[in-house]
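Presented below is the structure to which this report refers.
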Amino acid sequence: MSLEQDEIADIEQVLTTRPPETVFAELRERFPDLSLTRCDASDIDTETPFREYGRFSLYLVDSADHCWRLTDDPSRATGLVVAERKALS
């Protein structure tokens with residue numbers, strides 16, 4: 001599997017226009033072939049995100065060689081990690 005530019009644009013749309021409480025369900029529905037991991041931004045803050053969208057950071061996962069690792073190459077992406085930052089009060 002790989003992510004095409006139009007799919008990245010769709011992910012961006014979800015992350016920037018949907019209420020935070022619906023983001024993960026919508027991503028699962030729209031991209032059933034991608035693994036999806038949700039975490040708090042503080043759990044992965046030592047890594048550089050593929051892209052950042054307001055409250056969310058997006059990381060791409062490459063598990064093609066049977067070892068899970070982050071990648072910045074959409075053509076190698078087999079999954080997503082979406083890290084959510086806490087809302088500022």
Side-chain angles (χ1 to χ4, degrees):
M1 168 128 214
S2 67
L3 282 175
E4 302 297 326
Q5 288 301 318
D6 60 331
E7 293 171 311
I8 294 170
D10 288 347
I11 293 166
E12 179 176 320
Q13 179 195 27
V14 171
L15 294 176
T16 59
T17 64
R18 303 298 192 268
E21 60 273 6
T22 67
V23 163
F24 299 98
E26 186 165 345
L27 288 174
R28 283 197 192 282
E29 183 179 312
R30 291 175 78 170
F31 300 96
D33 295 334
L34 288 175
S35 69
L36 178 62
T37 302
R38 174 185 187 172
C39 69
D40 187 86
S42 65
D43 293 335
I44 195 167
D45 64 0
T46 60
E47 301 292 335
T48 302
F50 171 70
R51 301 240 172 103
E52 293 186 272
Y53 305 101
R55 195 164 170 179
F56 299 99
S57 293
L58 177 66
Y59 300 83
L60 304 181
V61 175
D62 174 4
S63 63
D65 296 325
H66 305 290
C67 290
W68 191 96
R69 64 178 172 235
L70 297 177
T71 182
D72 61 356
D73 182 356
S75 71
R76 302 231 2 124
T78 58
L80 307 173
V81 173
V82 178
E84 184 175 6
R85 284 183 284 291
K86 301 276 189 246
L88 298 175
S89 34

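Note that the structure is predicted; figures quoted are calculated from it, not measured.
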query: What's the spacing between I8 CD1 and R51 CZ if we round to 0.5 Å?
result: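 Output value for this atom pair is 5.5 Å.
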
Spacing of T48 atom OG1 and L70 atom CG [to the nearest 0.5 Å]: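 Interatomic distance, T48 OG1 to L70 CG, rounded to 0.5 Å: 9.5 Å.
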
message: Quick check against the 3.5 Å criterion: does E7 have a side-chain atom that pairs as donor or acceptor with the backbone of E4?
response: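 Indeed, once roles are kept as given, a pair shorter than 3.5 Å links the two residues.
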
field: Step-by-step side chain to side chain contact (heavy atoms under 4.5 Å, CB included) determination, R28 to R38
entry: CA-CA 11 Å; R28 283 197 192 282; R38 174 185 187 172; 5.8 Å; no

field: Sequence neighbours excluded, every pair satisfying side-chain hydrogen bond (donor to acceptor under 3.5 Å, both in side chains) that has a member inside residues 9-22
entry: R18-E26

What pair of heavy atoms forms the shortest contact from [X] to [Y], and how long is it?
{"X": "L34", "Y": "G79", "value": "CD2-N, 3.8 Å"}
{"X": "S75", "Y": "S2", "value": "O-CB, 3.1 Å"}
{"X": "L60", "Y": "D73", "value": "CD1-C, 4.1 Å"}
{"X": "W68", "Y": "V81", "value": "CZ2-CG2, 3.6 Å"}
{"X": "P74", "Y": "D72", "value": "CD-O, 3.3 Å"}

query: Side-chain heavy atoms under 4.5 angstrom apart, residues restricted to Ile, Leu, Val, Met, Phe, Trp, Tyr: same cluster for L58 and V61?
result: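 Unlinked, L58 and V61 end up in two clusters.
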
- request: Mind checking side-chain hydrogen bond (donor to acceptor under 3.5 Å, both in side chains) for T71 and listing every partner two or more places apart, or none if nothing turns up?
  value: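 Testing T71 for side-chain hydrogen bond (donor to acceptor under 3.5 Å, both in side chains), a comparison that skips the adjacent residues, returns none.
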
